[in-house]
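Note sheet for the following structure.
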Amino acid sequence: MLKKILVSCASLCAMLNGFGQKAEPIKSTTTITGYIDGYFRALTKDGGGTHNNFTSFTNSYNSFNLGMASVKIDQTYGRFSSTLDIGVGKRVDEFSYNDKDLLTNIKQVTLSYAFSKNLKLTAGKFATHIGYELLDATSNRNYSMSYGFSYGPFFHTGIKADISLGGKSAMMVGVVDPTDYSTFNSNPKYIIAQFSSASSNDKIKGYFNFLHGDITTQYNLVLSATLSSKISAVFDGSINQQKNPLGKSNWSSQAFYLNYDFSEKIGLTLREDFFNDRQNNPIGIGNLNATTLSGKFKLNKLTLIPEFRLDNSTAPLFNTKTGTVSSASSFLVAAVYTF
C-alpha cells in the first residue's frame, strides 16, 4: 500500500511539472541577494522643528538614518518558484504601515507556478505594478520618492496571472484585497491589470496599469525611452479616483525623469514631479511640484547618491521659525551597499 502511495505522489509531481511529458530531472536553484542603505538629510532653511517633507521614507532632518536592511531569497523547483523578501528599517515600516509585528517586515512573499512559457500564476503579497518607482533604493535613480509613489498603492495581497501575448507584448490580471493590506477580512476585492509592450529593439517601452475597487480606481501610464547610449527618459502619470462620505474626490500626478550616464559608474537624474490634490483634498496637502537632482557614484558594491530637492506648493505648507511658506529645499546624501 505504501509503495502505491509513493508511486502516485511521484506521478502527480511529474504531471504538475511536465503535464504528461517524458520525466526529466527537476531543476532547483536558490538565490540570495540583499542590500543595506542609509542617508543623512538636511534642510537648507530651518524648518521650525518639522521635516518639511510630504513623501515617503525621508521624513527626517539633520540626522543619520537607516533606510532599510533587506534580504531576498528566490527559489525555483521545476515549474514552481517562490520569493521571500524581508526588510528592517524605516522604508519597510512605512511600506507595511497597516501591518503589525513580523508582518511589517515582509515586503513580498509569493508562490508561482508556470503552466507554460506564456502563462504564470502568482499568489501572495507582492509590490504594486503601478508606477515607475519601487520600494527598494537599489531600484531607483532618485533616493527620495515622488508624490505619485507616496500616495498610490504600495503592495497587493491576492492572486494574479501573467500572460505573454507574443512578441514584445504581455498582460497581467489579478484579484486582490484592498491595497496595502497583508490581511483583510472583508468580501470586497479589487481588480488589478497591466498591459505592456515594447519596440523591437527595446528602446521604447510602455505600461498601462489599472486598479479598481469599491473605494479607489486608479489609472497609470509609464513610458520609457532610451535616447542614446548615455541618455534615457521616463514618464509616469496617474489619475486616482476615490469615494468618500463627501462624494467623489480625485488626485493626479505626473513625474518626468531624465537620466544621463557619463559612464556605468557615474550618472545624473533630474526628476520633475507634479501632484494635483483636488476635490475635497483627499490627502489634504494641496497642489505641489518638486524638482529633484540626484547623482550616482558607484564604487564596486557601494553606490553614493547626493541629492538636492526643491518643493513648491500653491499655498503656504512648509514650516519655518516665523510661519509657513510655499517652498522648501533640502539636501541629502545616501549610501547603498549591495551583496
Side-chain angles (χ1 to χ4, degrees), residues 8-33 71-86 95-96 98-99 103 106-131 134-136 139 152-198 205-214 216-220 222:
S8 299
C9 290
S11 300
L12 178 60
C13 290
M15 182 181 66
L16 288 174
N17 283 285
F19 283 103
Q21 298 178 3
K22 184 178 179 180
E24 295 181 359
I26 299 175
K27 297 180 180 179
S28 177
T29 61
T30 301
T31 304
I32 301 176
T33 56
V71 176
K72 184 180 181 184
I73 304 171
D74 294 298
Q75 206 273 342
T76 63
Y77 182 76
R79 293 175 179 265
F80 288 96
S81 59
S82 61
T83 294
L84 174 60
D85 191 1
I86 58 177
F95 181 76
S96 301
N98 283 320
D99 293 327
L103 280 178
I106 298 176
K107 297 153 57 184
Q108 298 186 94
V109 56
T110 61
L111 176 63
S112 301
Y113 183 80
F115 289 91
S116 69
K117 66 178 181 179
N118 296 322
L119 174 62
K120 182 175 74 172
L121 200 64
T122 299
K125 173 182 177 179
F126 41 86
T128 187
H129 57 297
I130 291 177
L134 299 171
L135 164 66
D136 293 315
S139 302
F154 285 171
F155 65 85
H156 308 287
T157 303
I159 189 167
K160 64 178 180 177
D162 291 288
I163 305 166
S164 174
L165 300 178
K168 296 288 185 175
S169 298
M171 68 178 297
M172 178 275 293
V173 292
V175 179
V176 296
D177 283 332
T179 58
D180 299 345
Y181 280 93
S182 294
T183 60
F184 193 87
N185 297 321
S186 178
N187 289 325
K189 303 300 178 184
Y190 280 51
I191 301 297
I192 59 173
Q194 178 185 78
F195 174 78
S196 61
S197 189
K205 297 179 181 180
Y207 305 84
F208 176 71
N209 303 305
F210 177 71
L211 162 73
H212 176 70
D214 61 331
T216 302
T217 298
Q218 185 163 343
Y219 306 90
N220 173 256
V222 176

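Note that this is a predicted model, so its numbers are computed, not measured. Sequence positions, counted from 1, serve as the residue numbers for this chain.
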CG on D180 to CG on D99, rounded to 0.5 Å: 9.0 Å
Looking at every heavy atom in both S82 and L111, which two are closest together, and how far apart are they? CB-CD1, 4.2 Å
Please determine which of L84, I32, T33 meets the side chain to side chain contact (heavy atoms under 4.5 Å, CB included) test together with V71. I32
I want to check something: taking the side chain as every heavy atom from C-beta on, are D214 and Y190 in contact at a cut-off of under 4.5 Å? yes
Let me confirm one number: the NZ-CD1 distance from K72 to I86, rounded to the nearest 0.5 Å. 12.5 Å
Minimum heavy-atom separation for S96 and L103, please, with both atom names. OG-O, 4.1 Å
With distance as the sole criterion, is a donor-acceptor pair present between the side chains of T76 and S81 under 3.5 Å? no
Heavy atoms, side chains only, cut-off 4.5 Å: are T183 and T157 in contact? no
The reported gap from CD1 in I163 to CG in L119 (rounded to nearest 0.5 angstrom) is 6.0 Å
Could you verify whether a donor N or O on one side chain and an acceptor N or O on the other, from S182 and K125, lie under 3.5 Å apart? yes
Please report the C-alpha distance between F126 and V176 in whole Å, then the side-chain angles of each, then the deciding distance to 0.1 Å, and finally whether the side chain to side chain contact (heavy atoms under 4.5 Å, CB included) criterion is met. CA-CA 10 Å; F126 41 86; V176 296; 4.0 Å; yes
For F95, check ring pair (Phe, Tyr, Trp, His ring centres under 6.0 Å) against everything at least two apart and list the hits. F154, F155
D162 versus K160: any side-chain heavy-atom pair under 4.5 Å? yes
Quick check: are there more than 12 heavy atoms from other residues, nucleotides or ligands sitting under 6.0 Å from NZ of K120? no
Could you go step by step and tell me if T30 and I73 meet the side chain to side chain contact (heavy atoms under 4.5 Å, CB included) rule? CA-CA 7 Å; T30 301; I73 304 171; 4.1 Å; yes
Where T110 and T122 come nearest, the two heavy atoms and their spacing: CB-CG2, 3.8 Å
Lys/Arg N to Asp/Glu carboxylate O, K107 vs D136, below 4.0 Å: yes
With side chain to side chain contact (heavy atoms under 4.5 Å, CB included) as the criterion, how do I130 and L211 come out once you've worked through the C-alpha distance, each side chain's angles and the decisive distance to 0.1 Å? CA-CA 8 Å; I130 291 177; L211 162 73; 3.8 Å; yes
Looking at V222 and G131, what are the two nearest heavy atoms and their distance? CG2-C, 3.8 Å
Roughly how far apart are T128 OG1 and L135 CG, rounded to 0.5 Å? 12.0 Å
If we ignore hydrogens and angles and just use 3.5 Å, is the side chain of N118 paired with the main-chain N or O of S164 as donor and acceptor? no
Nearest non-hydrogen partners of A198 and K205, listed with the distance: CB-CG, 3.8 Å
Set of ring pair (Phe, Tyr, Trp, His ring centres under 6.0 Å) partners for Y219, sequence neighbours left out: F210
Y207 side, atom OH; S197 side, atom OG - distance, nearest 0.5 Å: 9.5 Å
Please round to the nearest 0.5 Å and tell me the distance separating atom CD1 of I192 and atom NE2 of H212. 13.5 Å
